[in-house]
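The block underneath contains the structure these notes are about, expressed in structure tokens.
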Amino acid sequence: MTATVSIVIPVFNEEAGLESLFARLYPALDALGRPYEVIFVDDGSRDRSAAVLREQFERRPDATRVMLLTRNAGQHMAILAGFAHSRGDYVITLDADLQNPPEEIGKLVAAMDQGADYVGTVRARRHDIYWRKVASRLMNRIRERTTQIQITDQGCMLRAYHRTIVDAINRCVEVSTYVPALGYSFARHPVEIEVAHAQRTAGQSKYSVYRLIRLNFDLMTGFSVAPLQFFTMAGMALALLSLFFVIVLAIRRIFIGPEVQGVFTLFGIAFFLIGVLLIGLGVVGEYVGRIYEQVRQRPRYTVSALMEGDEASLRWTRQSSPQNRHIERVEGLRSEIDHTEMLRAERAQGPTGE
Ligand code: UDP
Ligand code: MG
């Protein structure tokens with residue numbers, strides 16, 4: 001039997017580019033010649049994205065499912081929400097901005113058919129601004145050194161995961177994570193292929209420098225304790241060095257006399273060490289903060305609406321996974337979006353003078 005495919009697409013304020021995504025995505029998927037579903041996860045967009053997704057759902061209810069998250073939970077949480085709802089044997093993630101061509105999905109599916117359970121991708125010629133490429137290369141290098149995750153291009157989100165991996169991911173309850181790395185950690189036969197990459201045609205990147213740094217911390221803290229060990233090692237090295245320094249000073253004091261110069265050198269060294277200490281404290285804080293978020297056990301995201309066709313009309317053999325059952329189906333989906341639309345219109349009009 002041919003394996004079925006689920007495509008999971010996180011959407012955050014992408015109204016400008018969604019129509020051109022639909023125009024290329026659906027033909028590319030039809031060409032696969034196997035049952036598929038596209039799960040759009042609206043990550044609390046504040047523009048018309050939800051309404052555009054509803055229109056698409058009405059056009060293709062047989063193959064489209066739309067989840068609306070209540071608030072912006074972040075790209076990776078949105079993908080996890082989609083995973084929890086996916087039913088395909090192969091689950092493929094794709095960005096909504098057409099930077100990864102949907103036409104490449106066929107290649108990933110072919111690699112999965114050949115027995116891979118995780119298909120990673122490398123952007124052949126990456127079209128992003130210069131500093132992002134440099135920063136990415138640096139982060140890829142650091143991550144490779146500190147974690148066991150062997151991914152060449154961690155930023156490329158067009159990836160395929162086998163059902164077994166998605167089920168394993170669905171059992172994870174971590175609040176800050178990095179989906180490609182998490183998937184990789186469960187993979188038995190991971191492969192990598194090259195895919196094309198394009199510039200963003202509509203809308204803007206949703207990642208500021210700050211969000212990118214946070215994301216990299218998620219990756220680092222989620223998959224390694226090497227940063228903590230680094231500070232332990234650095235502490236030991238510094239302690240040894242200063243012991244040596246103290247001995248030299250003591251000998252100098254006995255044979256040459258007290259030292260009075262070099263006060264500012266001492267300041268320099270002291271400030272440097274204070275800096276190192278603060279960074280170390282910050283790194284510990286990054287872990288502790290995440291532990292704190294984790295122990296509170298708040299829901300990672302909340303689903304405010306779900307649009308999907310009649311289950312029976314979908315040609316799916318797989319029963320929906322247990323995770324799917326506890327997400328409540330919200331009635332009156334139309335009114336949900338209409339309400340959002342109304343709020344948006346009100347906001348656009350400005351204060352009403354009440
Ligand atoms: N995205 C999301 N929630 C966010 C940020 C981004 O769902 O908080 C989605 C976004 O709509 C897009 C994908 O994640 O489909 C990748 O975002 P973007 O293209 O801005 O990232 P970049 O390509 O700049 O790394
Ligand atoms: Mg992008």
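Counting starts at 1 for both ligands and their atoms, following the listed order.
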Checklist entry - Does atom OH of Tyr26 have more than 12 heavy-atom neighbours, drawn from other residues, nucleotides or ligands, at distances under 6.0 Å? => result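 Yes, enclosed.
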
Checklist entry - For Phe57, is the NZ or CZ atom of Arg54 found under 6.0 angstrom from the centre of its six-membered ring and inside 45 degrees of the ring axis? => result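 Geometry flag: not set, cation outside 6.0 Å or 45°.
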
Name the atoms and distances for all side-chain donor-acceptor pairs under 3.5 Å in residues 266-284, with sequence neighbours left out.
none

Item to check | Sequence neighbours excluded, every pair satisfying ring pair (Phe, Tyr, Trp, His ring centres under 6.0 Å) that has a member inside residues 117-150 | outcome: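 As it turns out, the ring pair (Phe, Tyr, Trp, His ring centres under 6.0 Å) pairs with a partner in residues 117-150, which skip direct neighbours, are Tyr118-Tyr161, Tyr118-Tyr184.
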
Next on the checklist: What does the 4.0 Å heavy-atom contact list look like for ligand 1?
Outcome noted: Pro10, Val11, Phe12, Glu14, Asp43, Asn72, Gly74, Gln75, Asp95, Ala96, Asp97, Gln99, Arg132, Arg200, Ser205, Lys206, Tyr207, Arg211

Checklist entry - Taking the Mg ion (ligand 2) as the center, what protein N, O or S atoms are found at less than 2.8 Å? => result Asp97 OD2, Gln99 OE1

Checklist outcome for this item: Which of Glu58, Arg60, Arg59 passes side-chain hydrogen bond (donor to acceptor under 3.5 Å, both in side chains) with Gln56? It is Arg59

Checklist entry - Should Arg300 and Glu293 count as an ion pair when the cut-off is N to O under 4.0 Å? => result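 Glu293 and Arg300: not salt-bridged.
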
Next on the checklist: Does this structure show an ion pair linking Arg65 with Glu308, if we count only N-O contacts that are shorter than 4.0 Å?
Outcome noted: yes

Checklist entry - Run the side-chain contact (heavy atoms from CB on, under 4.5 Å) check on Leu182 and Glu174 step by step: do they pass? => result CA-CA 10 Å; Leu182 189 60; Glu174 51 208 81; 3.9 Å; yes

Checklist entry - Yes or no on salt bridge (charged side-chain N to carboxylate O under 4.0 Å, His left out) for Asp113 and Arg34, after CA distance, side-chain angles and deciding distance? => result CA-CA 12 Å; Asp113 281 342; Arg34 54 176 87 205; 2.7 Å; yes

